[in-house]
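Below, chains carry the letters A, B, ... as their sequence lines are ordered, and counting in each starts from 1.
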Protein chains: 2
Amino acid sequence: MPLEIRPSQALKLWRQVHLDLVRDGQADLSARQTAILLTIYLELPPHTVRGLAQQLGVTKPVVTRALDTMGKLGLVTRKRDEFDRRNVVIQRTVAGALAVERLADLITDHAREIGGS
Amino acid sequence: MPLEIRPSQALKLWRQVHLDLVRDGQADLSARQTAILLTIYLELPPHTVRGLAQQLGVTKPVVTRALDTMGKLGLVTRKRDEFDRRNVVIQRTVAGALAVERLADLITDHAREIGGS
DNA sequence: CCCGATCGTTACGGGTCCGTATCATTACCG
DNA sequence: CGGTAATGATACGGACCCGTAACGATCGGG
């Protein structure tokens, strides 16, 4: 049972959600940061800098910086892996989970509004 | 006939599309720029800097800079309004229409993949 | 005509992000 | 041990974006 969505509906949805994100002002996340954040919260742990960089097809500094920024915002936390101290495990936070949940609500709400078009 | 989408589906969709945008690398558009671009291509012309700024809830320089960037990328064009030469009319381009269309395909394709989850 | 209002742009100081290259720390293996 | 590999972080130069404030161009009413 695939998710049915027509191109015109997809674009309307994309626009409305982005409009809300811009207007709320509280989402200064770039496309890269968004992809990283959602990967952390949707895929099974553990998450490492290298693993995320590989999944996104970007360099490690990009991930490190994104984690810096999202860490400042309280969306994620970093912890050294005690079994291999070279690794850093990225952990979820309450604030991050709330932000992701709010994004999901934003999308579903607008999807409902759009309906048949 | 509202568009049915569950929060978990919405997040998966959002992540997959952002992953593709990042991996393709050709979409360095910020949330603001995305909102502006889609507004230009979905809403009825004419579009002005002031009108876009008002719809997005941002200042005029933000729109001007976004148009600069997207103009360099060939996604939009500016033309002075001959009837009120203070105004600038933002116009669509073939490249911009193609980019928007590709985004729509990206979304609908991933929506189809996600299906019942 | 002229002066205020409106439009889009530009200037400025500060901040963030990028990619490349390099670094410090830690693990592994002979 | 010592040397290599791997991980994440950092330095650097350049580019972009932001918000505030100022600017030039243009319109329109008195």
Side-chain angles (χ1 to χ4, degrees), chain A residues 18-19 21-40 45-92 99, chain B residues 18-19 21-40 45-91:
Chain A
H18 277 272
L19 275 177
L21 289 177
V22 170
R23 285 199 267 243
D24 290 5
Q26 54 199 355
D28 270 356
L29 298 185
S30 68
R32 286 170 150 89
Q33 293 169 337
T34 302
I36 292 175
L37 184 71
L38 289 181
T39 298
I40 294 170
H47 296 290
T48 65
V49 172
R50 173 159 185 83
L52 290 172
Q54 221 160 357
Q55 282 191 63
L56 295 185
V58 298
T59 59
K60 289 189 290 176
V62 168
V63 178
T64 294
R65 275 187 300 255
L67 293 178
D68 288 343
T69 302
M70 295 193 283
K72 275 188 216 161
L73 298 174
L75 301 177
V76 296
T77 314
R78 273 182 280 199
K79 199 192 74 177
R80 274 240 108 84
D81 181 354
E82 289 303 328
F83 299 102
D84 184 343
R85 296 188 56 76
R86 288 174 304 182
N87 288 342
V88 163
V89 181
I90 291 105
Q91 298 177 305
R92 305 171 185 171
Chain B
H18 277 272
L19 275 177
L21 289 177
V22 169
R23 285 199 268 244
D24 288 7
Q26 52 200 355
D28 270 356
L29 297 185
S30 68
R32 286 170 149 90
Q33 293 169 337
T34 302
I36 292 175
L37 185 70
L38 288 182
T39 299
I40 294 170
H47 297 289
T48 65
V49 172
R50 174 160 188 82
L52 290 172
Q54 221 160 355
Q55 282 191 63
L56 295 185
V58 297
T59 58
K60 288 188 292 175
V62 168
V63 178
T64 294
R65 277 186 298 254
L67 293 178
D68 287 343
T69 302
M70 295 193 283
K72 275 186 217 164
L73 298 175
L75 300 177
V76 295
T77 314
R78 275 181 278 201
K79 200 193 72 178
R80 276 237 108 83
D81 180 355
E82 288 304 328
F83 298 102
D84 183 343
R85 297 189 52 77
R86 290 174 302 180
N87 289 342
V88 164
V89 181
I90 292 103
Q91 297 177 305

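Atom CZ in A:R85 sits about 13 Å away from atom P in D:dA9, given to the nearest Å. Here the P atom of nucleotide C:dG15 and the NZ atom of A:K72 are 10 Å apart, to the nearest Å. Nucleotide D:dG8 holds its C1' atom 9 Å from the CZ atom of A:R78, rounded to whole Å. Rounded to an integer number of Å, the gap from B:E82 CD to D:dT26 P is 11 Å. Taking atom CG of residue A:N87 and atom P of nucleotide D:dA5, one finds them 18 Å apart after rounding to whole Å. Rounded to whole angstrom, the span from the CG atom of A:D68 across to the P atom of D:dT10 amounts to 7 Å. In this structure, CG of A:L29 is placed 9 Å from P of C:dC17, rounded to the nearest angstrom. In this entry the distance linking CD1 of B:I36 with C1' of D:dC17 reads 12 Å, nearest Å.
Considering only heavy atoms from C-beta on, B:L38 stays 4.5 Å or farther from B:L29 through its side chain. When side chains are defined from C-beta on, B:T64 counts as touching B:R78, because their heavy atoms get closer than 4.5 Å. Counting only heavy atoms from C-beta outward, the side chains of B:I36 and B:H47 never approach each other to under 4.5 Å.
Between the two ends of the helix from C:dC1-D:dG30 to C:dG30-D:dC1, each summarised by a five-pair axis, the helix axis turns through 0° (rounded to 10 degrees).
For D:dG19, the base has a donor-acceptor partner in the side chain of B:R65 [N/O atoms by modelled type, under 3.5 angstrom]. Below the 3.5 angstrom threshold, one finds no donor paired with an acceptor across the side chain of B:R86 and the base of D:dG28.
Here A:V58 lies out of heavy-atom contact (under 4.0 Å) with every strand. Counting non-hydrogen atoms under 4.0 angstrom, A:S30 reaches nothing in the nucleic acid. Here B:V63 lies out of heavy-atom contact (under 4.0 Å) with every strand.
In this structure a side-chain-to-backbone donor-acceptor pair under 3.5 Å is missing from B:R32 to B:V63.
Toward the 5′ end of DNA chain C lies the nearest nucleotide of A:T59, the other residue of the pair A:R80 and A:T59 mapping further downstream. Between B:T69 and B:K60, the residue whose closest nucleotide on DNA chain D is further toward the 5' end is B:T69. Taking the nucleotide of DNA chain D with the nearest heavy atom to each of B:F83 and B:A66, the more 5' of the two is matched to B:A66. Residue whose closest nucleotide on DNA chain C sits further toward the 5' end, between B:P61 and A:D81: B:P61.
Test B:R80, B:R85, B:K79 against B:E82 for side chain to side chain donor-acceptor pair (under 3.5 Å) and you get one pass: B:R85.
Residues from residues 46-54 of chain B placing a heavy atom under 4.0 Å of any atom in DNA chain C, listed by number, are B:T48, B:V49, B:R50.
Residue A:R32 has a polar side-chain atom (N or O) positioned under 4.0 Å from OP1 or OP2 of C:dC18. Within the 4.0 Å cut-off from OP1 or OP2 of D:dC16, not a single side-chain nitrogen or oxygen of B:Q33 is found. At the phosphate of D:dG8, neither OP1 nor OP2 sits under 4.0 Å from any side-chain N or O atom of A:T64.
When every heavy atom of A:V89 is checked against every heavy atom of A:P46, the shortest pair comes out as CG1-CB, 4.2 Å. The shortest non-hydrogen separation linking A:L37 to A:L75 is CD1-CB, 4.0 Å. Closest non-hydrogen pair, A:L19 versus B:L56, comes out as CD2-CD2, 2.8 Å.
Residues forming a salt bridge (charged side-chain N to carboxylate O under 4.0 Å, His left out) with B:R65 (at least two apart in sequence, or on another chain): none.
Note that OG1 of A:T34 is 8.0 Å distant from CG of A:L21, once rounded to the nearest 0.5 Å.
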